[in-house]
Amino acid sequence: VKSMHWRKLRQQKTDKPGGKCTTAQKKTVPKGTASLTGRIRSPHRGHDGMRPCDYTGMNRLKMYFDRNVLRQKGLAQMADDIFIGGGGDAYGAPQLLLLDKSNRHGLVAGATGTGKTVTLQIMAEGFSKAGVPVFLSDVKGDLSGLAVAGSADFKLHAAFMTRAQTIGLDLQYDSFPVTFWDLFGQQGHPIRATVAEMGPLLLSRLMELTDVQEGVLNVAFRVADEPGLPLLDLKDLQALLVWVGQNASELSLRYGNVAASSVGAIQRQLLVLENQSGTALFGEPALELSDLMRTRADGKGEINILAADQLMGSPRLYATFLLWLLSELFEELPEVGNPDKPKLVFFFDEAHLLFDDAPKALVDKVEQVARLIRSKGVGVYFVTQNPGDVPDDVLGQLGNRVQHALRAFTAKDRRELKTAAETYRDNPGFDTAEAIQQVGTGEAVTSFLDAKGVPQVVQRTLIRPPASQLGPID
């Protein structure tokens with residue numbers, strides 16, 4: 001639901017030569033298709049992104065054989081893989097995340113304090129060096145160090161060098177291009193989305209509406225959509241609901257029962273949302289996806305860090321915003337098939353917040369997006385404490401996995417540990433369930449997709465040290 005004015009401006013911008021994408025190039029969700037957000041989609045602006053590298057013949061063969069030489073010179077990854085760590089006997093076998101399989105999504109799991117954040121950091125470094133933009137949320141405030149190179153004065157420098165030697169890596173410290181974002185505009189660039197773009201389904205989840213109240217909200221969005229009325233911020237929505245309440249009897253004849261009590265309940269929840277600083281998210285200018293999908297002149301992909309330490313005080317707002325962003329990526333990006341590397345990699349930290357008390361319709365939509373968004377060149381990586389936090393239908397879409405230690409203190413913990421171990425291909429050298437309990441901090445049980453897209457045998461892996469600063473910057 002957007003104003004006709006903005007529709008015309010965007011159409012003119014994308015149709016003219018040199019614009020983002022011509023109408024003929026757009027491949028989006030068909031008009032009239034319900035989206036993850038619940039709104040009815042109109043044709044959207046496209047995004048041309050970065051054309052994937054095309055290596056052929058001897059050039060590609062040479063790049064393959066030069067990979068280890070270049071890695072020993074301190075490059076963490078080449079054009080076709082990311083070095084995660086060393087596995088196998090004496091941790092000498094490189095564990096590689098293939099770039100052309102990284103849009104098959106992934107999972108980083110493990111108990112608190114086992115090294116998930118460092119794994120997230122080194123994966124972001126690897127994607128950035130490969131020229132792939134990254135979006136991630138910084139829940140604890142630890143990831144801002146990506147903007148600064150590591151230092152020999154750091155207290156863990158000697159341990160880092162010892163580990164690097166063990167796994168066959170010549171560690172060279174480096175910094176990465178970072179853009180900071182913040183819904184509240186305090187620790188980074190403010191992020192805005194219009195109420196219309198958020199849609200009734202996500203707003204209903206954000207405000208914890210009942211099914212009846214969600215139905216009334218859908219009626220309100222339809223009333224605004226038909227004449228092309230803009231819904232930009234919460235004030236617009238509140239004014240629309242007042243009109244809906246005043247004309248409830250007429251609307252009920254066309255759309256079904258619209259009770260004044262339901263309208264009042266929605267207005268109260270909007271007031272609660274305002275008191276929880278929800279107004280900071282809604283408004284204009286709305287976020288452009290192209291702002292997240294940039295590469296620097298040196299070829300490194302931009303790492304977009306969402307400051308989420310304060311946002312975690314409103315977990316539903318946090319989860320709803322990330323769901324909206326994932327939905328926008330799905331609906332607006334064109335189909336690219338199977339690119340040599342992703343257009344964007346999206347890390348969803350504290351993924352359990354996405355699915356806690358989520359209605360089945362929303363979980364089904366997330367599963368659908370996870371299944372289809374890879375063809376748009378987007379890789380989605382869920383970061384959570386336990387694989388069981390992710391529904392089975394979604395978990396089955398995650399091909400690249402890093403499992404840090406899990407603790408089994410209760411009967412429920414032991415069942416979840418067994419379930420987690422059963423999702424890997426067995427390694428005859430060790431018991432997977434025992435390994436998941438025994439791996440130390442900075443060590444993990446890993447399995448990545450091979451060149452044929454088949455999950456590899458599970459390995460105990462020492463995760464490589466980060467090239468950037470470990471911990472927050474001043």
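Heads up: numbering here begins at 1 and tracks the sequence. Just so it is clear, the model here is predicted, and its values are computed rather than measured.
- Panel note: side chain Ser128, backbone Glu125; no donor-acceptor pair is recorded below 3.5 Å.
- With a 6.0 Å radius and a threshold of 12 heavy atoms from other residues, nucleotides or ligands, Gln165 has its CD atom at or below the threshold.
- Screening Val108, Asn400, Val402 against Thr446 for a side chain to side chain contact (heavy atoms under 4.5 Å, CB included) leaves a single residue, Val402.
- Judged by distance alone, with hydrogens and angles left aside, the side-chain atoms of Asn275 form no donor-acceptor pair with the main-chain N or O of Val272 at under 3.5 Å.
- The backbone N or O of Pro455 sits less than 3.5 Å from a side-chain atom of Arg425, completing a donor-acceptor pair.
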(request) Given salt bridge (Lys or Arg N to Asp or Glu O under 4.0 Å), test Arg192 with Glu284 step by step and report yes or no. (result) CA-CA 6 Å; Arg192 298 288 181 269; Glu284 286 196 319; over 6 Å; no
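- Remark: the backbone N or O of Pro339 is not paired with any side-chain donor or acceptor of Asp100 at under 3.5 angstrom.
- The line from OH of Tyr424 to CD of Gln403 is 4.5 Å long, rounded to the nearest 0.5 Å.
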Which donor-acceptor pairs under 3.5 Å do side chains of residues 86-97 form with protein atoms, sequence neighbours excluded?
{"from": "Tyr91", "atom 1": "OH", "to": "Glu443", "atom 2": "OE2", "distance (Å)": "2.8"}
{"from": "Gln95", "atom 1": "NE2", "to": "Ala93", "atom 2": "O", "distance (Å)": "3.2"}

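- A donor-acceptor pair under 3.5 Å links the side-chain atoms of Asn103 to the main chain of Arg374, judged by distance alone.
- With hydrogens and angles ignored, the 3.5 Å screen pairs a side-chain donor or acceptor of His105 with a backbone N or O of Ala370.
- A salt bridge links Arg371 to Glu367: at least one charged side-chain nitrogen sits closer than 4.0 Å to a carboxylate oxygen.
- Around atom CG of Asp431, more than 12 heavy atoms belonging to other residues, nucleotides or ligands sit under 6.0 Å away.
- Between Phe355 and Asp389 the shortest side-chain heavy-atom distance does not fall below 4.5 Å.
- With hydrogens and angles disregarded, a donor-acceptor distance shorter than 3.5 Å links the side chain of Ser204 to the backbone of Pro200.
- In this view, Asp393 satisfies the side-chain hydrogen bond (donor to acceptor under 3.5 Å, both in side chains) rule with no residue, not counting sequence neighbours.
- Lys341 contributes a side-chain N or O that, together with a main-chain N or O of Ala130, makes up a donor-acceptor pair within less than 3.5 Å.
- Classification of the Phe346-Phe135 ring pair by plane angle, with boundaries at 30° and 60°, yields parallel.
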